[in-house]
> 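Please see the structure below; I have some questions.
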Protein chains: 2
Amino acid sequence: MPFMQRIRIKDVAKEAGVALSTAALALRDDTKLREETRRLVRDAAARLGYVYDRSAAVMRSGKSHTIGLLVCEITNPFYAELTAGVEEALDEAGFVVMLANTSESITRQRRMLERFREQPVDGVLIMPATGTPPSLLEDLEQWRVPHATVVRGFRRGAHTGPDNRAGTRMATEHLLALGHRRIAFLGGLTRNSVSRERWDGYFRAMTKAGLAPEQLCCRTDIGEAAGVAEALPADGPTALVCFNDSVAFGATLGLLRSGRMPGRDVAVIGFDDIREAAAWFPALTTVRVSPREIGRAAARVLLERIADPAAAPRREILAPTLVVRESCGAHLRWKG
Amino acid sequence: MPFMQRIRIKDVAKEAGVALSTAALALRDDTKLREETRRLVRDAAARLGYVYDRSAAVMRSGKSHTIGLLVCEITNPFYAELTAGVEEALDEAGFVVMLANTSESITRQRRMLERFREQPVDGVLIMPATGTPPSLLEDLEQWRVPHATVVRGFRRGAHTGPDNRAGTRMATEHLLALGHRRIAFLGGLTRNSVSRERWDGYFRAMTKAGLAPEQLCCRTDIGEAAGVAEALPADGPTALVCFNDSVAFGATLGLLRSGRMPGRDVAVIGFDDIREAAAWFPALTTVRVSPREIGRAAARVLLERIADPAAAPRREILAPTLVVRESCGAHLRWKG
DNA sequence: CTGAAAGCGCTTACAG
DNA sequence: CTGAAAGCGCTTACAG
């Protein structure tokens, strides 16, 4: 194969027999040009195998059509699904995502943010690592980097996330309606806004019903949750409001392991409704927040922010729904 | 806050009292300069709040230190973990990843590849969508885009993935050693290299033992696998070699649902050893391939390819190990 | 180490 | 629509 000279706009212009500026406009499908001219140029570009070079355009225009996505833990199915939603919506808008998985490290988060700033990206979408100081927002503002938080957030700034309080409140009230009185909250060892809000929704529902809240601490980990559930005494809580579906999965596994049937012996409700929840045994009753939709909404919020940085930051709180399946015991398939 | 003029290298040079070219070299920590000079410049840059602009460097040097990652399905925990490994290793090497989740769509895969080419990226790492024609490699070669496949691959080209045949062979031989004679393969409805290889390893072990292979088809989906397992007749297979852990999870859930205990009534072995496998009930016996390690290895293979495009493409096939837990029935915790 | 300069491939404003 | 030109912020080669 002969050495191929890289094809540039000026080559396309020559091939099409138009001026360089005309070719440049035509390649971006500018309506200032007649459709016929645009087609002429497009055809010439295709004949020559022209490849648009974004790096030059980025430098000249300052717009990269790239956004930086900081994910706190991509191996968590909830965040993986959310990432898919972000990527999907940004792609539709002609944007591309630079991914960084911080693995809950604020050092790594900081470093990746600086890297994004150099890149440069047009904006950043952040699922803050646990322990992120709110001063992060001040830095981003000073840097003039358009930004928005997702799921985990701060008191201010553009944000998209589920209504966590409403979610655990609904879950708790459902269990109360089923007659449970000793209902514990399982999880929440990690200190972030999501943990606080989910605990808070449960707490309020319990105190409103005149009952004592009770927290069973565990990290967000199937194995750890299974351990706590397995060790649950027979005269312990009869129902568990779990921090999320992973914790709920762990709880059901632990109960099974100790010879108890989730839903019949101890009711279990999750949070998130990740893909596996419906197929679980027993099928998991959970609070649906649709990570993919949150991701898509977050992408829109950030794009708005980029388009109009002067506007007040939007905060979009999505309402959750309770999906009643088997693990809460409301209708046991195997009860017979 | 007053309008801030963007700080450029020439401003840093002036502040440090050195030439522009010296400042440029110092900022990249070039050893041609005395350490003292480099520090002088670094301090000046810090004082002024200088931010390196990569887009200009990319354009001038043609190197973006960015690689494009095409993931077939990011919401699959295996690929999510693999993505984390890729991102981790590339970050250590000073590279950043542009992510595209193709969701198994070859149209989307094609579009994202063209987008990456325009970006431009220094190379692409591909987990091909099911149905990708091998001609993809020819296109990439013609485009002169350094590339490597991961997990799913073709007969040629740089590749990193587990030894799928060895994996299912080990699983099958383990079940044979436990005395099973009617062993079925569950899964493999999707047609790609992984499916073929895993089926093949099982097939060879069975025929070598003089037994009839048997395929229970289902897509890679917990719900579908659960349905097949639930409907398994009492005089059916006594052991299942599953396409992957998700399918195995589905199988155990389906068996439980039909009143059978996985491991005691029907043995189940998975593939991948994703995070949830150890915490499962019963704990899943599975073939460990360590997606994070595959991801890290794949990143290295691609970086080698970028560094030396003339070298023969490397193919790195990682040996799997069988992790014996409970679901195969080799040592039942609850038997005693 | 200096200093002036060319060049990467676009975008964009402008006179015609 | 043309055509010549400036400029984005780096990198790099070069004579001194």
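So that the names make sense, note that chain A is the first sequence line, chain B the second, and so on, each numbered from 1.
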> Please give, in whole Å, the distance from D/dT12 P to B/L25 CG?
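From B/L25 CG to D/dT12 P: 9 Å.
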> How far apart are the C-alpha atoms of B/Y50 and B/D11, what are their side-chain angles, what is the distance that settles it, and do they pass the side-chain contact (heavy atoms from CB on, under 4.5 Å) test?
CA-CA 9 Å; B/Y50 169 72; B/D11 306 307; over 6 Å; no
> When the distance from NZ of B/K63 to C1' of C/dC8 is rounded to whole Å, what number comes out?
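So the NZ-C1' distance, B/K63 to C/dC8, works out to 13 Å.
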> Under a 3.5 Å distance rule, please check whether B/D91 uses its side chain to pair with a backbone N or O of B/E88 as donor and acceptor.
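Between the backbone of B/E88 and the side chain of B/D91 there is no qualifying donor-acceptor contact (under 3.5 Å).
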> Run the numbers on A/R38 and A/E35 for salt bridge (charged side-chain N to carboxylate O under 4.0 Å, His left out), then give the verdict.
CA-CA 5 Å; A/R38 282 180 271 165; A/E35 168 55 30; 3.8 Å; yes
> A/I9 CD1 to C/dT12 P: how many Å, rounded?
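It is 11 Å, rounded to the nearest whole Å.
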> Taking only heavy atoms on the protein side, list every residue of residues 43-58 of chain B lying under 4.0 Å from any atom of DNA chain C, sorted numerically.
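The answer is none.
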> For DNA chain D, please output the secondary structure as dot-bracket, reading 5' to 3'. Pairs are Watson-Crick or G-U wobble, both atom distances under 3.5 Å; mark crossing pairs with [ ], other-strand partners with |, unpaired with a dot.
|||.||||||||.|||
> Could you give the CZ-to-P distance, from A/R6 to C/dC8, as a whole number of Å?
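From A/R6 CZ to C/dC8 P: 11 Å.
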> Take the protein atom CZ of A/R8 and the nucleotide atom P of C/dT11, then report the distance between them rounded to whole Å.
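After rounding, the gap between these two atoms is 11 Å.
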> Are A/R152 and A/E104 within salt-bridge range, i.e. N to O under 4.0 Å?
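Counted as a salt bridge, because a side-chain N and a carboxylate O are separated by less than 4.0 Å.
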> Could you walk me through whether A/R108 and A/S103 pass the side-chain hydrogen bond (donor to acceptor under 3.5 Å, both in side chains) test, one step at a time?
CA-CA 8 Å; A/R108 196 161 145 61; A/S103 306; 5.0 Å; no
> Between A/S64 and A/P120, is there a donor-acceptor pair closer than 3.5 Å when you use the side chain of the first and the backbone of the second?
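Yes.
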> For DNA chain D, which residues in residues 27-34 of chain A have a heavy atom at a distance below 4.0 Å?
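Residues of residues 27-34 of chain A under 4.0 Å from DNA chain D: A/L33, A/R34.
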> In whole angstroms, how far is the P atom of C/dT11 from the NE2 atom of A/H65?
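Distance check: A/H65 NE2 to C/dT11 P gives 11 Å.
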> To the nearest Å, how far apart are A/M59 CE and C/dG9 C1'?
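Result: 9 Å.
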> Quick check on A/R47: does its CZ atom have over 12 non-hydrogen neighbours (other residues, nucleotides or ligands) under 6.0 Å away?
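Check passes, neighbour count above 12.
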> By salt bridge (charged side-chain N to carboxylate O under 4.0 Å, His left out), which residues pair with B/E293, not counting sequence neighbours?
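Listed in chain order: nothing, the list is empty.
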> Give the rounded distance in Å between these two atoms: CD of A/E118 and C1' of D/dT11.
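Result: 16 Å.
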> For A/R28, is there an ion pair with A/D30 - N to carboxylate O distance below 4.0 angstrom?
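No salt bridge links A/D30 with A/R28.
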> Testing the 3.5 Å rule here: is there a donor-acceptor pair between the side chains of B/Q109 and B/T132?
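Yes, side-chain donor-acceptor contact under 3.5 Å.
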> State plainly whether the residues A/E92 and A/R300 are in salt-bridge range, i.e. N to O under 4.0 Å.
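No, this pair does not count.
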> Any pair with a residue in residues 115-138 of chain A that passes salt bridge (charged side-chain N to carboxylate O under 4.0 Å, His left out), sequence neighbours left out, goes on the list, sorted by first then second residue, please.
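Qualifying pairs: A/E118-B/R54.
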> Polar atoms only, N or O, under 3.5 Å: list the protein pairs with nucleotides 4-7 of chain D and their distances.
from, atom 1, to, atom 2, distance (Å)
D/dG7, N2, A/R60, NE, 2.5
D/dG7, N3, A/R60, NE, 3.1

> Run the numbers on B/D53 and B/R8 for side-chain contact (heavy atoms from CB on, under 4.5 Å), then give the verdict.
CA-CA 9 Å; B/D53 182 336; B/R8 313 285 59 165; 4.1 Å; yes
